Amino acid sequence: MSGDTESIARWLIDGARSAPQPQDVLATLCAGLLACDLPLWRAAVFVRTLHPNVAGRRFEWRSGEAVTVAEMPYRALEVAPFIDSPVPRVCVTGEALRCRLDTAPRLSDYPALASFVGEGVTDYWVTPLLFSNGEVHVASWATREPGGFTEAQLGGIARILAPLARV
């Protein structure tokens, strides 16, 4: 993998016009990352809302499956598995967090990742999506590749984060 996701970044910068719905954007984005030989198994985007009953929406893509969309009520922000995952930390700090799940210690800080270990995930990278209004939303990227993501692959994902936050 050369990490060259420049064409995907350009597509996002151009407004991802071929993908009219948010779930289409994620599906097309992930197909493009796979075409770049990035060993992506799962990707998810969590975007907060201004809705009085819905804290945010999660868009989740898994290899070979359709994108699912789920609404998260505010009460879910205060219970496991959300608080036991890296997502709240990334929301607060605005800094990416990488969790290698194929090496010990695995789950001491984030017990919510146990299900990923059971599904063979080796590397889980949670990244901030920094919106122009200062809000921090989150995207996560998982692979089952032995040894996890390479630095070039992480760089390829990093290249598309800013344009993704603007779509």
Side-chain angles (χ1 to χ4, degrees), residues 1 5 21-31 33-34 38-131 134-151 153-162 164-165 167:
M1 160 75 183
T5 54
Q21 299 294 318
Q23 56 269 37
D24 300 331
V25 172
L26 186 58
T28 304
L29 168 70
C30 291
L33 292 173
L34 289 174
L38 200 141
L40 195 60
W41 174 73
R42 176 192 175 273
V45 175
F46 178 74
V47 180
R48 293 179 303 172
T49 65
L50 294 175
H51 192 281
N53 300 318
V54 177
R57 288 187 179 82
R58 182 188 66 184
F59 300 86
E60 181 181 47
W61 172 91
R62 287 182 184 238
S63 183
E65 299 179 18
V67 172
T68 60
V69 182
E71 292 185 344
M72 183 177 220
Y74 284 98
R75 69 182 175 278
L77 299 177
E78 301 168 2
V79 298
F82 185 79
I83 60 172
D84 291 339
S85 81
V87 172
R89 180 173 171 195
V90 173
C91 285
V92 170
T93 66
E95 297 176 4
L97 179 65
R98 186 176 184 187
C99 300
R100 291 298 307 269
L101 301 178
D102 58 350
T103 59
R106 295 182 188 191
L107 305 173
S108 57
D109 292 333
Y110 305 106
L113 299 181
S115 65
F116 285 161
V117 172
E119 294 181 271
V121 171
T122 57
D123 205 350
Y124 181 65
W125 194 37
V126 185
T127 58
L129 292 176
L130 306 173
F131 281 34
E135 292 178 355
V136 178
H137 302 264
V138 175
S140 64
W141 316 90
T143 186
R144 292 173 161 174
E145 186 77 8
F149 292 117
T150 66
E151 292 304 315
Q153 291 164 344
L154 294 176
I157 294 170
R159 174 61 185 101
I160 58 95
L161 293 176
L164 177 60
V167 174

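Since we're looking at a predicted model, the values are computed, not measured.
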>> Could you walk me through whether Phe59 and Val25 satisfy the side-chain contact (heavy atoms from CB on, under 4.5 Å) test, starting with their C-alpha distance in whole Å, then the side-chain angles of each, then the deciding distance to 0.1 Å, before giving a yes or no?
In response: CA-CA 10 Å; Phe59 300 86; Val25 172; over 6 Å; no
> Using the ring of each side chain (for Trp, its six-membered ring), is Phe116 parallel, tilted or perpendicular to Tyr124, with breaks at 30° and 60°?
Replying inline: tilted
> Who are the salt bridge (Lys or Arg N to Asp or Glu O under 4.0 Å) partners of Arg57, not counting sequence neighbours?
Replying inline: Glu71
> Of all heavy-atom pairs between Glu145 and Pro39, which one has the smallest distance, and what is that distance?
Replying inline: OE1-CB, 3.6 Å
>> Test of understanding: with side chain to side chain contact (heavy atoms under 4.5 Å, CB included), list the residues that count as partners of Glu65, not counting sequence neighbours.
In response: Arg62
> Does any non-hydrogen side-chain atom of Pro22 lie less than 4.5 Å from one of Val67?
Replying inline: no
> Among all residues two or more places apart in sequence or in another chain, which pass the ring pair (Phe, Tyr, Trp, His ring centres under 6.0 Å) test with Phe149?
Replying inline: none
>> Give me the atom names and distance for the closest heavy-atom approach of Arg100 to Gly147.
In response: NH2-O, 2.8 Å
>> Applying side-chain contact (heavy atoms from CB on, under 4.5 Å) to Arg98 and Leu154, what does each step give before you reach the verdict?
In response: CA-CA 10 Å; Arg98 186 176 184 187; Leu154 294 176; 3.3 Å; yes
>> Measuring from atom CG of Leu33 to atom OG1 of Thr28, what distance do you get when rounded to the nearest 0.5 angstrom?
In response: 11.0 Å
>> Could you work out, with side chain to side chain contact (heavy atoms under 4.5 Å, CB included) as the rule, every residue matching Cys91, not counting sequence neighbours?
In response: Val87, Val138
>> How close do Pro128 and Val90 get, counting heavy atoms only, and between which atoms?
In response: N-CG1, 3.7 Å
>> Nearest 0.5 Å, please: how far is CG in Leu161 from CG in Leu130?
In response: 8.5 Å
>> Show, in sequence, the C-alpha distance, side-chain angles and deciding distance for Val45 and His137, and conclude whether the side-chain contact (heavy atoms from CB on, under 4.5 Å) test is met.
In response: CA-CA 8 Å; Val45 175; His137 302 264; over 6 Å; no
>> Using side-chain contact (heavy atoms from CB on, under 4.5 Å), reason through Val136 and Leu129 one step at a time and then give a plain yes or no.
In response: CA-CA 6 Å; Val136 178; Leu129 292 176; over 6 Å; no
> So how far is it from Phe46 CZ to Met72 CE, rounded to the nearest 0.5 Å?
Replying inline: 5.0 Å
> With sequence neighbours excluded, what pairs up with Thr143 under the side-chain hydrogen bond (donor to acceptor under 3.5 Å, both in side chains) test?
Replying inline: none
> What distance do Arg144 atom CZ and Arg42 atom CZ have between them, rounded to the nearest 0.5 Å?
Replying inline: 11.5 Å
>> Could you tell me if the side chain of Asp102 sits less than 4.5 Å from the side chain of Asp123, heavy atoms only?
In response: no
>> For the CD1 atom of Ile157 and the CH2 atom of Trp125, what is their distance to the nearest 0.5 Å?
In response: 6.0 Å
> Among all residues two or more places apart in sequence or in another chain, which pass the side chain to side chain contact (heavy atoms under 4.5 Å, CB included) test with Arg89?
Replying inline: Thr93, Leu97, Tyr110
>> Using the side chain to side chain contact (heavy atoms under 4.5 Å, CB included) criterion, which residues pair with Thr68? Sequence neighbours excluded.
In response: Glu60
>> Applying side-chain hydrogen bond (donor to acceptor under 3.5 Å, both in side chains), can you list everything that pairs with Trp141, at least two apart in sequence or on another chain?
In response: Thr127
> Once you round to the nearest 0.5 Å, how far does CG of Leu29 lie from CD1 of Ile160?
Replying inline: 4.5 Å
